[in-house]
Amino acid sequence: MDARATLHDRLGRTAAVDALSDAEAVQVTELLAAAERDERQALDASIDVTLRHLPRLVRMPARRILFG
Amino acid sequence: MTDFLTQSQLGLLARTLHVEPDEIRSLEHLGAAALHELRERISNRLFDQHAAMFGRISKLAPLVPNAVVAKVSELAVPALVAGRAAGALGVDHPGRIEDLLSRLSAGYMADCAPHLDPRAIAVLAPRVSGDVLVPAAAELMRRKDYVTTASFVEFATPELIRAFERGIDDDLGLLHTAALTYSADILSDVIRAIPTARLDSIMRSSLTTPESIRAGLSVLSRLPAAQRAELGDALVAHVTPEVRPALLDAVVDGEMAGELLDLIAVVSDEARRVLADDPALATDARTAALEAAADTDARRQALEALRALLPA
């Protein structure tokens, strides 16, 4: 799947994506993938740290709710 | 020179993608509307990927009182994550949002604000009072983060606009926020909510620097004719012989001759005489800029009206 098709797949069909050059479509695809990865990692790391700061009584039930 | 709207939408897209604007400068050619569309779709996708985890985090809410949430957030949760989560959690627990926000520092709220889901802001803005939000808005103004303040204006209620106007004494901050507000309709509504005396003060302040002159002209050019006329007269009332050269230089250097003609088209005859009463208007650079910008009947008529008033 080329970059433009990938963007249409992930963002829905939009004239804004159609207006990108091929190089720009590649750039935006790569930046989007990097942002998704960075945010997932930031959220995961943040959850771990936050759980450690919660009062002890809340920590175990919180872990069960978050991770089963 | 890139117009204000394209500049702000590029800035928002860059922030959404966690890059500096210069890294995606080539996308300027898309223009404000396409950049807005692209940023909105990307933002929605980034938020939606976290929906399941935010749903689970939301279930923790009954276990943790607001005082603990606020303390732990500032201590341990990076602004990007807090901002992303806040919208989702606020929508699930709207009754807690005002109290929770009131426990956060203005600095932390300002750190988180750029990362809020715009869809959640639309839902939450009516539920939060100005008292809680104004300190964070003032901090964003102090940081000159007008891209963020403008993105919030899109969802502010008239009550919030009035609270911001009362609580923020930064005229240029309000001006630049207005200049970067994406929707012309919302811009018009926001200006309508601001008291006349304050609008006059903002118009006077807009003549301070070349950048603020351009911001002021950009705002005026996007308003309906009647509103543009009223504010335009207020602006020109502050144009003195000392200020006029700077105004005209900013127009020519900032490629805003069209916006100036749009203003001249609607202001009073008295205001036109003030603008025309300057021999420097006859200089080649300024005349050429105005002539090049007179690309509609209204602008051509405005230029002729100005020429008729030029000193002999």
Side-chain angles (χ1 to χ4, degrees), chain A, chain B residues 9 13-19 23-50 52-65 67-69 71-85 88 115:
Chain A
M1 194 187 281
D2 70 9
R4 199 184 313 279
T6 300
L7 286 176
H8 279 309
D9 181 61
R10 291 181 187 169
L11 306 179
R13 290 210 71 90
T14 167
V17 169
D18 290 336
L20 295 170
S21 69
D22 290 344
E24 288 165 352
V26 170
Q27 183 190 27
V28 172
T29 303
E30 289 172 354
L31 289 176
L32 175 57
E36 287 174 335
R37 184 182 59 242
D38 291 347
E39 291 200 9
R40 271 197 306 272
Q41 288 172 354
L43 180 58
D44 290 343
S46 173
I47 287 172
D48 284 340
V49 171
T50 301
L51 282 171
R52 274 184 258 131
H53 280 86
L54 286 178
R56 208 181 312 160
L57 278 177
V58 176
R59 225 175 284 160
M60 284 308 297
R63 276 196 192 280
R64 275 197 296 276
I65 288 170
L66 289 179
F67 303 115
Chain B
Q9 293 305 309
L13 177 59
R15 190 166 63 197
T16 303
L17 290 170
H18 310 314
V19 297
E23 197 167 330
I24 56 169
R25 188 66 59 192
S26 70
L27 301 184
E28 254 174 20
H29 73 89
L30 294 176
L35 287 169
H36 179 84
E37 168 85 0
L38 195 57
R39 196 265 310 171
E40 198 172 63
R41 301 259 179 141
I42 289 173
S43 173
N44 290 348
R45 179 171 170 92
L46 288 174
F47 278 105
D48 290 346
Q49 73 162 343
H50 302 309
M53 178 51 79
F54 287 156
R56 287 195 287 277
I57 291 173
S58 188
K59 291 191 169 85
L60 297 180
L63 298 178
V64 192
V68 174
V69 173
K71 185 179 171 190
V72 171
S73 295
E74 292 224 34
L75 201 60
V77 184
L80 167 65
V81 175
R84 291 282 188 255
H115 307 294

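In the text below, chain A, chain B and the rest are named by the order of the sequence lines, each starting its count at 1. For the numbers below, each heavy atom of this structure counts, side chains included, while hydrogens, waters and symmetry mates do not.
Only the side chain of B:Leu80 comes within contact range of chain A, with at least one heavy atom under 4.5 Å from a heavy atom of that chain. For A:Arg52, no part lies near chain B; criterion is any non-hydrogen pair under 4.5 Å. Only the side chain of A:Gln27 comes within contact range of chain B, with at least one heavy atom under 4.5 Å from a heavy atom of that chain. Interface remark: B:Glu40 contributes no atoms to any contact with chain A (heavy atom separation under 4.5 Å). With a 4.5 angstrom heavy-atom cutoff, A:Leu57 does not touch chain B via any of its atoms. Contacts of A:Ala19 with chain B are made by both backbone and side-chain atoms, with heavy-atom separations under 4.5 Å. For chain A, no part of B:Phe47 is nearby; none of its heavy atoms comes within less than 4.5 Å. Only the side chain of B:Val68 comes within less than 4.5 Å of a heavy atom in chain A; its backbone stays farther off. Looking at B:Leu75, only its side chain comes within 4.5 Å of chain A, counting heavy atoms on both sides. Within the 4.5 angstrom heavy-atom criterion, no atom of B:His36 approaches chain A.
The candidate with the highest count of non-hydrogen atom pairs below 4.5 Å against chain B, out of A:Val49, A:Thr14, A:Val17, is A:Thr14. Put simply, of B:Ser26, B:Pro78, B:Ala85, the one with the most heavy-atom pairs under 4.5 Å next to chain A is B:Ser26. If you tally non-hydrogen atom pairs under 4.5 Å between each of B:Leu13, B:Val64, B:Leu63 and chain A, the highest count goes to B:Leu63. Ranking B:Leu46, B:Val69, B:Val72 against chain A, the residue ahead of the rest is B:Leu46, based on heavy-atom pairs under 4.5 Å.
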Exercise. Could you go through the side chain to side chain contact (heavy atoms under 4.5 Å, CB included) check for A:His53 and B:Lys71 one step at a time?
Key: CA-CA 9 Å; A:His53 280 86; B:Lys71 185 179 171 190; over 6 Å; no
Exercise. List the steps, then state whether side chain to side chain contact (heavy atoms under 4.5 Å, CB included) holds for B:Met53 with A:Leu66.
Key: CA-CA 7 Å; B:Met53 178 51 79; A:Leu66 289 179; 4.1 Å; yes
Quiz prompt | From CA spacing to verdict: side chain to side chain contact (heavy atoms under 4.5 Å, CB included), B:Ile57, A:Ile47 | solution = CA-CA 9 Å; B:Ile57 291 173; A:Ile47 287 172; 4.2 Å; yes
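Contact record, A:Ser46 with B:Val81: OG-CG1, 3.6 Å, taken as the closest heavy-atom pair. Between A:Ala16 and B:Glu37 the shortest heavy-atom distance is CB-CG, 4.1 Å. Nearest heavy-atom pair, A:Arg40 versus B:His50, reported as atom, atom and distance to 0.1 Å: N-CE1, 4.0 Å. Contact detail for B:His18 and A:Glu39: the closest heavy-atom pair is NE2-OE2, 2.9 Å. Listed here is the closest heavy atom pair of A:Ile65 and B:Lys59: CG2-CB, 3.7 Å.
Rounding to the nearest 0.5 Å gives a distance of 11.5 Å between OG1 of B:Thr16 and CG of A:Leu31. Rounded to the nearest 0.5 Å, atoms CG (B:Leu30) and OG (A:Ser21) are 9.0 Å apart. Rounding to the nearest 0.5 Å places CZ of B:Arg41 at 13.0 Å from CG of A:Leu32.
Between A:Leu11 and B:Leu38, some side-chain heavy-atom pair lies under the 4.5 Å cut-off.
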